[in-house]
Structure formats: structure tokens, C-alpha cells
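Below: one structure, written as C-alpha cells.
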Amino acid sequence: MEVNYNPQKLKTAYDRLGHGKAKADAMRYAIQQADLNNDIPYMIFFRQEFCNEAIWYADEIDVYIVLPELLSLIDRYPDAEPVPYQYNDIIEDVLYIYGSMVVNSSDYYQIPLEECEKLFDDYTERMVRAGHSASLPYRYRASFYTETGHSAKAAEYFNIFKKCRIDPDACIGCLTNSEIHYYLFNNMKEQADKLAAKIEDGTITCKDDENKYFSLLRLKINYIEYYIMQGDYENAIECADVLKRKNMQKKEFNTPDFEMCAYVYRNPGRGMYLYRNHWHEWEKERDPYSKFISLMCAACFFKGIKKQRNKDTVKICADNSFPIYNGSNVYKLDSLIEYYYNAAKEIADKFDNRNGTSKFIDELNMSFSNV
């Protein structure tokens with residue numbers, strides 16, 4: 001507990017930091033100090049700030065701990081005065097965070113399927129209570145069931161979503177990308193392509209004037225994943241070229257794993273550059289879905305490297321934190337392929353066990369066999 005508790009100074013301190021872990025840690029300290037001083041408005045505000053930082057720039061799994069605390073505080077203290085920094089409607093901001101959390105709950109096999117569904121029920125109820133259409137919760141739920149391999153439930157909620165009124169402030173770009181994702185990963189590519197053309201030609205963009213190109217980036221991420229699964233590396237590299245030109249801090253648009261894999265045939269040197277600069281991040285990744293994708297892409301990448309090279313080794317300057325470190329800079333391609341495939345399979349098995357489907361192992365094997 002600080003002797004001279006000053007929430008304004010705590011905010012100033014973390015605002016000086018760049019996005020990421022250090023800033024999130026400073027926000028966590030601010031939360032602790034507000035709690036120790038029973039400062040209800042700042043107990044709410046600092047948690048709100050932390051969740052926004054974690055979702056976009058830091059460790060999203062922490063949101064699953066802090067957001068329930070934030071919701072409980074809002075429920076217990078509905079008349080709490082906003083702090084001077086709360087320029088937006090706190091309920092709307094919290095619902096936005098909640099939506100991100102529920103749709104991404106498919107990323108964490110640690111959260112039981114039944115618990116995810118309870119989160120969706122609560123989120124939907126809060127959205128409707130706040131005067132919103134249930135369109136967004138149903139759209140998110142369709143995406144969740146697509147990601148977990150429950151195609152019948154995905155279709156059920158997608159059809160309900162299509163019948164709902166759309167909120168006036170809904171982002172048509174984001175909505176369209178959600179539909180494209182549903183069509184792509186439920187074997188309806190023709191419908192996906194028709195919508196994609198409207199984003200490609202600029203007919204549909206994100207509603208934020210400063211971030212109109214976000215729709216195009218989200219589109220390319222949808223398609224690069226699909227093309228890698230299908231073994232269509234010609235189209236995957238077109239997506240990678242678009243993504244390469246971005247310069248974004250937001251985790252959502254940082255896709256070196258997909259890009260690495262896409263470049264395996266046309267520009268393997270670029271692929272190796274991405275691998276050497278990011279393998280350590282993939283090992284430390286706490287989002288199991290993101291880690292699965294990275295490991296799967298690495299397995300596919302090294303399989304592609306082996307198919308086109310006369311040598312059966314590759315040079316990687318790594319330290320002893322490298323998962324199969326051997327004390328030299330030379331590694332057998334077969335060893336790299338085996339390590340990354342098995343590591344991806346281990347995560348896939350955990351997801352499929354949680355979900356009660358074979359979706360993850362099927363996608364791993366499809367991507368791997370189609371290299």
C-alpha cells in the first residue's frame with residue numbers, strides 16, 4: 001500500500017509505458033492500490049483499463065480473471081461515480097471487452113465448454129438488458145462453435161444471427177468478416193468469396209475512418225489460414241504480402257507464423273527470417289490456440305523446406321532455450337518437423353478433448369498433408 005495513494009499518479013505512470021507486459025503490470029499494481037484503499041471508482045476504472053490493454057497488446061488470458069471482478073464491481077456499485085478519465089460509457093466499453101472475451105474463449109482449452117456457454121448466456125443477457133440486439137452475441141456464438149468443431153450448433157446460431165436486427169452502430173466490416181469466416185470454415189467458399197470482393201474493392205470497410213483497412217487485414221488473415229489448410233500456397237503468399245506491408249502493434253494483426261508458412265516455396269529466405277525472429281515468442285505464448293497455429297505452421301514450413309532442398313539440415317542460431325537445442329547451430333529438418341508436429345498435436349488433443357470433436361487434429365493433419 002502506498003503511503004500517499006494517488007490514483008492520478010498511478011495512471012500517469014502506466015501511461016508513460018509502451019503497450020505490452022510492462023504497462024499491464026503497472027496497471028495491475030494500480031488495481032492493487034485502489035483495492036487496498038477501497039477506492040471504488042478507481043477499482044472499476046483500473047480494471048477497465050487493464051482489460052483493454054490485455055485484449056489488444058498483452059496477455060489476454062488475464063482478462064478471464066479480471067473482467068469477472070470488474071463485472072461484479074459494476075453490479076454491486078451501479079451508482080459509482082465515473083473517474084475524470086472515463087470519457088465513454090463504461091457499460092458499453094465493458095460489453096465490448098466482454099464480447100472479445102467470450103468469442104475468444106474457444107482459444108483456451110483450460111476453460112470447460114460448459115463454462116464458455118455460461119459466459120455466452122450471461123453476455124447475451126447483459127447486451128439485451130443494455131438495449132442492444134442479440135445479433136452480436138449470436139454471431140459470436142456461431143464463430144465459437146465453428147472454432148470448436150460443432151458445425152450443427154454453429155449453423156443454428158448463424159441462422160438466428162441472420163434473422164436478428166443489426167445495431168445501428170455495428171461495424172459492417174467486422175460483421176462481414178465474421179460471415180466470411182463462417183462460410184470459409186464451413187465449406188461454403190463461394191459465399192465467402194462474394195462477400196470478400198466487397199472488402200477488396202472498398203465497398204465495405206471498418207466504420208472507424210482511421211482504421212478502414214482493418215477489414216482488409218482481417219480478411220487476409222481469414223484467407224491465409226484457409227489457404228494454408230488447403231495447401232494453396234500461391235494464394236496464401238498474396239495474403240502474406242498484404243499482411244507484410246502493415247506496421248501494427250495490435251496482436252490481432254501480427255501473423256509471422258502464417259506469413260512464414262506462406263513464403264515457404266516462393267521466398268523461403270523470408271520464411272526463415274520470420275522463423276528465426278519469432279520461434280522464441282511461440283514457445284512462450286500463453287494463448288493455446290495461437291501457440292497451436294504457430295507450431296502447426298512451423299511443422300508445415302519445415303516440411304516444405306525439406307521438399308525443395310538437397311540438404312537435410314538447416315542452420316538456426318539458438319540458445320539453450322530452443323526446444324530441441326543440441327549445442328550446435330545445425331539442426332536436422334526431420335527433427336524440426338517431428339518436434340513441431342508433435343507439439344501441435346499435443347495441443348490439438350487437449351482442444352479436441354475439451355470440445356468433444358476432432359476439429360483440431362483434423363485441421364493439423366489437413367494442413368500438414370497438403371504442404
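The analysis underlying the following values was restricted to heavy atoms, covering all of them including side chains, and did not include hydrogens, waters or symmetry mates.
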Check: Cation-pi between K359 and F351: NZ/CZ under 6.0 Å from ring centre and within 45° of the ring axis?
Finding: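 Because its charged atom misses either the 6.0 Å distance or the 45° angle limit, K359 does not stack over F351.
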
Note to self: Can you confirm if the NZ or CZ of K11 lies within 45° of the ring axis of Y85 and under 6.0 Å from the centre of its six-membered ring?
What the structure shows: yes

Test your reading of the model: is there a side-chain donor-acceptor pair from [X] to the backbone of [Y], 3.5 Å cut-off?
X	Y	value
D167	D169	no
K189	Y183	no
S133	R165	yes
E259	G271	no
Y64	S105	yes
S215	C206	yes

Could you pull out every donor-acceptor pair under 3.5 Å between side chains of residues 156-163 and any protein atom, sequence neighbours left out?
residue	atom	partner	partner atom	Å
N159	ND2	A155	O	3.1
K162	NZ	E179	OE1	3.0

Give the table of side-chain donor-acceptor pairs shorter than 3.5 Å for residues 67-78, with sequence neighbours excluded, one pair per line with atom names and distance.
residue	atom	partner	partner atom	Å
E69	OE1	R47	NE	3.0
E69	OE1	R47	NH2	3.4
D75	OD1	R126	NH1	3.2
D75	OD2	R126	NH2	2.8

Under-4.0 Å salt bridge between [X] and [Y]:
X	Y	answer
R354	E114	no
R286	D107	no
D59	K21	no

Checklist line | K345, NZ atom: more than 12 neighbouring heavy atoms under 6.0 Å | finding: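 No, the 6.0 Å shell around NZ holds no more than 12 heavy atoms from other groups.
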
Margin query: With a sphere of 6.0 Å drawn around OH of Y325, does it hold more than 12 non-hydrogen atoms of other residues, nucleotides or ligands?
Written below: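 Yes, the 6.0 Å shell around OH holds more than 12 heavy atoms from other groups.
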
Note to self: With clusters defined by side-chain heavy atoms of hydrophobic residues (ILVMFWY) lying less than 4.5 Å apart, directly or transitively, does Y138 cluster with V128?
What the structure shows: no

Next item on the list: Calculate, to the nearest 0.5 Å, the distance between atoms CE and CZ belonging to M296 and F368 respectively.
Entry: 11.5 Å

Check: Does the side chain of L336 reach to within under 4.5 Å of the side chain of I305, using non-hydrogen atoms?
Finding: no

Checklist line | Side-chain heavy-atom pair E49, K23 within 4.5 angstrom cut-off | finding: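 No - every pair of side-chain heavy atoms lies 4.5 Å or more apart.
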
Could you check whether the rings of [X] and [Y] sit parallel, tilted or perpendicular, using 30° and 60° as the cut-offs?
X	Y	result
Y140	Y123	parallel
H278	W282	parallel
F322	W279	perpendicular
Y42	F45	perpendicular

Next item on the list: Please assess D312 against K332 for the test salt bridge (charged side-chain N to carboxylate O under 4.0 Å, His left out), listing each intermediate value before the final yes or no.
Entry: CA-CA 6 Å; D312 63 355; K332 289 186 176 181; 5.9 Å; no

Check: Without hydrogens or angle criteria, can the side chains of D349 and Y109 be said to hold a donor-acceptor pair below 3.5 Å?
Finding: no

Checklist line | Ring centroid separation Y275 to F302 under 6.0 Å | finding: yes

Checklist line | Result of checking D287, T255, D257 against S294 for side chain to side chain donor-acceptor pair (under 3.5 Å) | finding: D257

